[in-house]
Trainee: 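Have a look at this one.
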Number of protein chains: 2
Amino acid sequence: MQYFVAVAEERHFGRAAARLGISQPPLSRAIRLLERRLGTELLERTSRGVRLTTSGEVLLRESRAALDAVAAAERRTRRAAGAEPLVLVVKAGATGRAIAALLDAHASEPEAGPVRLEPCGVGEQVRWLHDGRADVAILHLPHDEMAGLEFVELSHEPQVALLADWHDHATRDAITVAEFDALRATLPEPRWPGADGVVPDGPGPAVRDHGQLQALVALGQTTWLAPASCRDVLRADIAAVPVRDAPPITTVLAWPAHGTSDAVAHLVATAMRHARTTRDAARGEAADTGSARTS
Amino acid sequence: MQYFVAVAEERHFGRAAARLGISQPPLSRAIRLLERRLGTELLERTSRGVRLTTSGEVLLRESRAALDAVAAAERRTRRAAGAEPLVLVVKAGATGRAIAALLDAHASEPEAGPVRLEPCGVGEQVRWLHDGRADVAILHLPHDEMAGLEFVELSHEPQVALLADWHDHATRDAITVAEFDALRATLPEPRWPGADGVVPDGPGPAVRDHGQLQALVALGQTTWLAPASCRDVLRADIAAVPVRDAPPITTVLAWPAHGTSDAVAHLVATAMRHARTTRDAARGEAADTGSARTS
DNA sequence: CGGGCCGATACCCGCCGGGTATCGGCGGCG
DNA sequence: CGCCGCCGATACCCGGCGGGTATCGGCCCG
């Protein structure tokens, strides 16, 4: 399956073989064998490379999930063996003080195990959960794909637009989504790395992390929507202007759905209590969320 | 991993080997090798058998998920190859006319592919989705475990208590949960097969499907809660009495979260339209659900 | 104290998965 | 129009891994 995924992604036997560290003939044979076993053509061989058939598409999708599951099994068992800390993965550069408060709350629990905080690329957290590099993650709805995850809501916050502090709108109390879109339409779209880690071609500036993005914002070369709490980590020369009618961002603590270790359950329970108390403190309302949702 | 799961479940190398169709020594070696590779003790060997260590528990949980994913990859690819119909799995004996209506609606769509309806044991649907025996399932919240699935709500319905028609309560308009519990407390609990397909020991009658359950109910030997639409499939000598304060049952159409084929997407879209129109017809309200939820 | 159960070890074999060398077919370019 | 180069398939060889049988060592129980 690993072999098939490599060929399907590279669309080329030679490159796939190189990536796998084997030579091309055994790879060809392995794929042929797989096709025999499944009783179907997975690839359409052309003289310039390879194309996926319909069943090939299905197998690619399913294989990725399966390989992730196998990798997760190995990683999680290894961590359990070494009594290593839970791994909590967060978007690099998006670690507000709310997360610090949650970790403090957890650390002050009597039976809490240690937690290791791990940063990752933008949007990579879900992958980390699925392939076992992380046990639990901080995600932001509606941006992240919650498929196959359970989660508990930590907080809701409005979105702000990030602008250079000398920008016309920078001193306003709030703007609208329409104004934000109009503003962004005048600027080239920054290009983020895709799921494969490679930055697509295009006119805009290439951006790899939040630091580079902030540099562009400060130069007036782009603008961006972010949850309000990002003010904690903003450069001084960037203004954050509330966007009145943008949908709110929900920060959630998420973990893989297919079974939960005691350590994860404990952290989640703490997070639910913590979210409830901070929300009560902030508004004095009865908590209406804070229960785990299966997604 | 398959080997490890077998040993972990049997708690006995000899029986596990028999189940796997190999002899015991290679199995021992394979597990030892796995322990070396992961750098940890997975099993505690005693002279009477085998016990799981903490990391063993982790690996068992993760391995089950991984093996299901692999099996699913094979089955789904095979089905895609043969241009076979979508498999829709339902609880055996729980096929109300609502499902028939949904299938009719789908069949009358211009581009709808064929759908094969497959019955399964009680509570087995989720497993079928995870290991690829089914593409899509009818489930009932809050009974079924939605972890790792996406779903769309089809209908909500109150619960009814199933009683023999000669029972004292059988002619009442409604009863309460408290009354139902009191009633059930006087009767032995029927024993259902567990996840492993084996019926646990105990005092109550052993029950394997809804037919046997109905026979017991009609004899006054047990009682049961069910969604109201089960009246469609009830024997004539069983009364269904509404339970006023029981939580409503939500019927959902669910599918694996990690990626959706066109055929599944099409069925889901039809189901959403269908649910909305039937709900509108029933109540004349604006539809407040019907959007796919990622769980 | 002895027998039987259970997992581990020793040892052998066949085949699967890897390697190199080479072929066949198709596109593109001179 | 024909040749060259790229790409996947085939042929053939080898080593190691995964399977088998025979047997051992330790523990519980009678």
Side-chain angles (χ1 to χ4, degrees), chain A residues 1-57 59-60 63 66-67 70-71 73-74 77-78 81 196, chain B residues 1-57 59-60 63 66-67 70-71 73-74 77-78 81 196:
Chain A
M1 275 167 74
Q2 196 178 351
Y3 290 4
F4 174 74
V5 170
V7 175
E9 283 178 356
E10 299 285 348
R11 301 178 173 276
H12 190 286
F13 275 79
R15 283 194 299 272
R19 175 171 133 187
L20 293 166
I22 65 174
S23 60
Q24 174 258 323
L27 181 57
S28 276
R29 259 194 335 187
I31 301 291
R32 273 253 175 267
L33 192 69
L34 188 62
E35 287 180 322
R36 296 232 116 87
R37 295 232 285 232
L38 295 175
T40 179
E41 292 267 284
L42 297 170
L43 301 170
E44 218 171 286
R45 278 85 162 168
T46 76
S47 66
R48 305 309 288 165
V50 128
R51 245 199 325 273
L52 283 175
T53 65
T54 312
S55 22
E57 306 254 11
L59 184 60
L60 177 58
S63 296
L67 291 173
V70 173
E74 177 173 344
T77 309
R78 277 219 156 86
D196 49 1
Chain B
M1 275 168 71
Q2 198 178 348
Y3 289 4
F4 174 73
V5 170
V7 175
E9 282 178 356
E10 300 285 348
R11 301 175 173 275
H12 189 287
F13 275 79
R15 282 195 300 272
R19 176 171 133 187
L20 293 166
I22 65 174
S23 60
Q24 174 257 324
L27 181 56
S28 276
R29 258 195 336 185
I31 300 293
R32 273 254 176 267
L33 191 68
L34 188 62
E35 288 180 320
R36 295 234 115 85
R37 295 232 285 232
L38 295 174
T40 178
E41 292 267 287
L42 297 170
L43 301 170
E44 219 172 285
R45 278 85 162 169
T46 76
S47 65
R48 303 310 287 165
V50 128
R51 243 201 325 274
L52 283 175
T53 64
T54 312
S55 23
E57 306 254 12
L59 184 61
L60 177 58
S63 295
L67 291 172
V70 173
E74 177 173 345
T77 308
R78 277 218 156 86
D196 49 359

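Treat the numbers as computed from the prediction; the structure is a model and nothing was measured. Below, chains carry the letters A, B, ... as their sequence lines are ordered, and counting in each starts from 1.
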Trainee: What closest approach, in Å, do A:E35 and A:L42 show between heavy atoms, and which atom pair accounts for it?
Mentor: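 Minimum heavy-atom separation between A:E35 and A:L42: OE2-N, 2.8 Å.
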Trainee: Closer than 4.0 Å, any side-chain N/O of A:S23 to the OP1 or OP2 of C:dG19?
Mentor: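 For A:S23, the contact criterion (side-chain N or O under 4.0 Å from OP1 or OP2 of C:dG19) is met.
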Trainee: In residues 20-28 of chain B, what donor-acceptor pairs under 3.5 Å come from side-chain atoms, sequence neighbours left out?
Mentor:
{"from": "B:Q24", "atom 1": "NE2", "to": "B:S28", "atom 2": "OG", "distance (Å)": "3.1"}

Trainee: Check side-chain hydrogen bond (donor to acceptor under 3.5 Å, both in side chains) between A:S63 and all other residues, then give those that pass, not counting sequence neighbours.
Mentor: none
Trainee: Identify, with sequence neighbours excluded, every residue that meets side-chain contact (heavy atoms from CB on, under 4.5 Å) alongside B:A30.
Mentor: B:Y3
Trainee: Can you measure B:E35 atom CD to C:dG7 atom C1' for me and round it to whole angstrom units?
Mentor: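 Roughly 12 Å, once rounded to whole Å.
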Trainee: For A:T46, give me all partners under side-chain contact (heavy atoms from CB on, under 4.5 Å), at least two apart in sequence or on another chain.
Mentor: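 Per chain and number, A:T46 pairs via side-chain contact (heavy atoms from CB on, under 4.5 Å) with A:R48, A:R51.
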Trainee: Just by protein heavy atoms under 4.0 Å, how would nucleotides 12-17 of chain D read 5' to 3' in B, S and -?
Mentor: B-----
Trainee: How many whole angstroms separate atom CG of A:L20 from atom P of C:dG19?
Mentor: 10 Å
Trainee: Rounded to the nearest 0.5 Å, what separation is found between the CG atom of A:L59 and the CG atom of A:L34?
Mentor: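 One finds 6.0 Å between CG of A:L59 and CG of A:L34.
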Trainee: Side chain of A:R32 only, heavy atoms from C-beta on: which candidate in D:dA9, D:dG8, C:dG19 is closest?
Mentor: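 That would be D:dA9.
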Trainee: For A:E10, check salt bridge (charged side-chain N to carboxylate O under 4.0 Å, His left out) against everything at least two apart and list the hits.
Mentor: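 Here the qualifying residues are A:R15, A:R19.
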Trainee: Using whole Å, what does the distance between atom P of nucleotide D:dT10 and atom CG of A:L27 come to?
Mentor: 14 Å
Trainee: For the pair made of CZ in A:R11 and C1' in D:dC7, what is the distance, rounded to whole Å?
Mentor: 16 Å
Trainee: Side chain of A:S28 only, heavy atoms from C-beta on: which candidate in C:dG7, D:dT21, D:dA9 is closest?
Mentor: D:dA9
Trainee: Looking at residues at least two apart in the chain, or sitting in another chain, which of them share a salt bridge (charged side-chain N to carboxylate O under 4.0 Å, His left out) with B:R29?
Mentor: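 Once residues adjacent in sequence are excluded, B:R29 has no partner under the salt bridge (charged side-chain N to carboxylate O under 4.0 Å, His left out) criterion.
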Trainee: With sequence neighbours excluded, tell me which residues meet side-chain hydrogen bond (donor to acceptor under 3.5 Å, both in side chains) with A:R37.
Mentor: none
Trainee: To the nearest Å, how far apart are A:I31 CD1 and D:dG8 P?
Mentor: 11 Å
Trainee: To check you understand the geometry: which heavy-atom pair defines the closest contact between B:I31 and B:F4, and what is its length?
Mentor: CD1-CA, 3.6 Å
Trainee: Would you say D:dC7 has OP1 or OP2 under 4.0 Å from some side-chain N or O of A:R45?
Mentor: no
Trainee: Any chance you could list the contact pattern along nucleotides 25-30 of chain D? Use B for base contacts, S for sugar-phosphate-only contacts and - for none, protein heavy atoms under 4.0 Å, 5' to 3'.
Mentor: --SS--
Trainee: Output the rounded distance in Å from NE2 (A:H12) to C1' (D:dA9).
Mentor: 14 Å
Trainee: Just the rounded figure in Å: distance from P of C:dG7 to CZ of B:R51.
Mentor: 13 Å
Trainee: Of all of residues 2-10 of chain A, which get a heavy atom below 4.0 angstrom from DNA chain C, listed by number?
Mentor: A:Y3
Trainee: Which nucleotide in the set C:dG19, C:dG7, D:dT10 lies at the smallest distance from any side-chain heavy atom of A:I22?
Mentor: C:dG19
Trainee: Closer to the 5' end of DNA chain C via nearest nucleotide, is it B:F13 or A:Q24?
Mentor: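 The 5'-side residue here is B:F13.
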Trainee: Which residues satisfy the side-chain contact (heavy atoms from CB on, under 4.5 Å) test with B:V50, sequence neighbours excluded?
Mentor: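 Per chain and number, B:V50 pairs via side-chain contact (heavy atoms from CB on, under 4.5 Å) with B:V7, B:F13, B:L43, B:R45.
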Trainee: Report the residues that fulfil side-chain contact (heavy atoms from CB on, under 4.5 Å) with A:E74, sequence neighbours left out, ordered by chain and then residue number.
Mentor: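 Checked A:E74 against side-chain contact (heavy atoms from CB on, under 4.5 Å); matches are A:R78, B:L38.
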Trainee: Atom CZ of A:R15 and atom P of D:dC6: how far apart are they, to the nearest Å?
Mentor: 13 Å
